[in-house]
Amino acid sequence: DSRSLSKSEEILHHLQNIVDFGKHVMKQFFGENYVHHGEIIQLPLDFVRQLCLKIQPERPECRCDKDMDTLSGYAMCLPNLTRLQTFRFAEHRPILCIEIKPKCGFIPFSSHVSQEIKHKVCRYCMHQHLKVANGKWKRPSKYCPLDLFSGNKQRMHFALKSLLQEAQNNLKIFKNGELIYGCKDDQDCVSDWNELARHLKPFFFPSNGLVSGPHCTRTIVKELIHVITMALLSSTDTCRAGHMKTVPLSQGRSYCEASAFNKELVRNGKHKLESSGLPRGCVLYKTLQAQMLDMLDIEGLYPLYSRVEQYLEEFPEERSTLQIDGPYNEAFYEKLLDLSLEDDGTVAFALTKVQQYRIAMTAKDCSIMIALSPCLQDECSEQRPVVLTSKSRFTFSVSVLDLDLKPYESIPHQYKLDGEIVNYYLKNVQAKEDPVMSNLFKENEDCTLVLHKV
Ligand SMILES: O=P(O)(O)O[C@@H]1[C@@H](OP(=O)(O)O)[C@H](OP(=O)(O)O)[C@H](O)[C@H](OP(=O)(O)O)[C@H]1OP(=O)(O)O
Ligand SMILES: Nc1ncnc2c1ncn2[C@@H]1O[C@H](COP(=O)(O)OP(=O)(O)OP(=O)(O)O)[C@@H](O)[C@H]1O
């Protein structure tokens, strides 16, 4: 009927927006090779219905509030990113793929931040405590995104090792497209390093020269961390927004006080954490630059969102002219390049900041896929990126996944969640970790009471 027809059109429009966003916006920020925008295809409805039934039992429970669309027949076709994207020749080879969801790699530098702690401890590390308290994860992770994004090999090594210890939803490993390490759903996490090493041994020690046992496991994990680090730091792409610098590197703190790596250094009497900086073309640099489009922090952004909201309440028909829900075309991209922070009180200024924030949110929640395939020395030419380990060599490709633009409507949720994360941390973690602070906290509370009485 006409209702389902218009629903189908709506879905088609939504998918078209996703493709356009990848093509016209994210490709510009990340570069041609890292982003695969996919294409829209039509599938027979019968096939879609069967597919839906087949995958339903495999879907994580927490995801089942979202239904698969079985009515429109439209679908997005994406390359299988667990496979190498660049070189067809290696397709028959065994393939290892590491998926990392790195999350936000910088500490807010905005003067709109109201709580000092946000300038010291990163959002991921604070959020961990709330997630464990809410039962999302059983144990906190020692991973800190600032270590991964530091570009310093030692800190990156620590971050990756921590991800391998508590993968949560930040790390998955696939062998020939099949998940061998990480969480299938929130309850079911595999973190057996011996098992992982068994899977990886043929990749790293093909001639079987390594005996098994704890030493072997450690060696293999080390080699794995090495190849991931090299792939993350490799510059395999250039892009239009490459010249765009969202923030001078000197702004903001380059380490997080809550990072276990940092704490260990402080315990050993060292107080300066090294951040070697990221090579400009590497995927981490690109991701961080896009994340840093959040220049005002949610606290500075929220009033601007309210300004846009107020305007839309008065002129709802303006929503499409303002391109809030697309089209994500060249004009949309051009507007994102205005990094000025001077608020002239206009809706245009507020809107630009809101859209930049949505891009940043997307980049804070995307995943990086590294696909690696063993290659022989004579196959490795200069055009193909290669990473060497002690006993093998790999050709690899790096892609970015899950680049759908975060909805405008999620901004109030972001604002609320930010407050919850910070308040939980201040009350339950910082106060307990630091008894002096804790006492100060109490004194302040007493003090407030006295003042109230007077
Ligand atoms: O807000 P965060 O940082 O908790 O991120 C959410 C993710 O949680 P995480 O912290 O990575 O465990 C969350 O991850 P999970 O679904 O919990 O694995 C989603 O990616 C969510 O995005 P969306 O709302 O589904 O588009 C993410 O929400 P957005 O903030 O990106 O909208
Ligand atoms: N093109 C791809 N190639 C290989 N693996 C993929 C691809 N797309 C997604 N995946 C795998 O599926 C997981 C979920 O992907 P994604 O979050 O994009 O799904 P989704 O359809 O958006 O689900 P939801 O709507 O529940 O968020 C990814 O973390 C990744 O492991």
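Scope of the values below: all heavy atoms of this structure, side chains included, with no hydrogens, waters or symmetry mates. Everything numeric here is computed off the predicted structure, so don't read it as measured data. Just follow the structure's listing: the first ligand is 1, and inside any ligand the first atom is 1.
- Considering only non-hydrogen atoms, atom 6 (C) of ligand 2 lies nearest to L401 out of D67, D404, L81, L401.
- Taking the ring centroids of Y333 and H24, they lie at or beyond the 6.0 Å cut-off.
- Ring pair Y124/Y143: centre-to-centre distance below 6.0 Å.
- In this structure, the side chain of S392 engages the main chain of F203 through a donor-acceptor pair within 3.5 Å.
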| said: Could you walk me through whether D343 and K353 satisfy the salt bridge (charged side-chain N to carboxylate O under 4.0 Å, His left out) test, starting with their C-alpha distance in whole Å, then the side-chain angles of each, then the deciding distance to 0.1 Å, before giving a yes or no? | reply: CA-CA 10 Å; D343 185 0; K353 295 301 133 190; over 6 Å; no
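- Checked against the 6.0 Å centroid criterion, the rings of Y302 and Y357 do not qualify as a close aromatic pair.
- When heavy-atom distances to ligand 1 are checked against a 4.0 Å cut-off, Q414 comes that close only through its side chain, counted from C-beta outward.
- No part of Q128 comes within 4.0 Å of ligand 1, judged by heavy-atom distances.
- Counting the atoms of ligand 1 from 1 in the order shown, those under 4.0 Å from a heavy atom of K66 are 25 (O).
- Residue-level proximity to ligand 2 for H36 is absent, since no heavy atom of it falls below 4.0 angstrom.
- Among H413, K101, R123, K103, the residue whose heavy atom sits closest to atom 1 (O) of ligand 1 is R123.
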| salt bridge (charged side-chain N to carboxylate O under 4.0 Å, His left out) between E420 and K416, intermediate numbers included | CA-CA 6 Å; E420 283 168 11; K416 189 165 158 262; 3.5 Å; yes
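- P79 counts as a contact of ligand 2, since one of its heavy atoms falls under 4.0 Å from the ligand.
- Ligand 1 has no atom lying under 4.0 Å from any heavy atom of Q168.
- Scanning the protein for heavy atoms near atom 30 (C) of ligand 2, the closest one is E99 OE1, 3.1 Å.
- Separating the NZ atom in K27 from the NE2 atom in H37 is a distance of 4.0 Å, to the nearest 0.5 Å.
- At a 3.5 angstrom cut-off on N or O pairs, D365 counts as close to ligand 1.
- A distance-only check finds a donor-acceptor pair linking the side chain of R253 to the backbone of H119 [under 3.5 Å].
- Listed by number with element, the atoms of ligand 1 under 4.0 angstrom from any heavy atom of K136 are 8 (O), 9 (P), 12 (O), 15 (P), 17 (O).
- By the 3.5 Å distance cut-off applied to N or O atoms, N169 is counted among the residues near ligand 1.
- Residues C97 and M369 meet the side-chain proximity criterion, which asks for heavy atoms closer than 4.5 Å.
- Here the side chains of Q430 and V121 are not in contact, with every heavy-atom distance at 4.5 Å or above.
- There is a protein heavy atom less than 4.0 angstrom from atom 25 (O) of ligand 2.
- Closest to atom 9 (P) of ligand 1 by heavy atom, among K406, H127, K131, is K131.
- Close contacts between ligand 1 and L417 involve ligand atoms 1 (O) [criterion: under 4.0 Å to a heavy atom].
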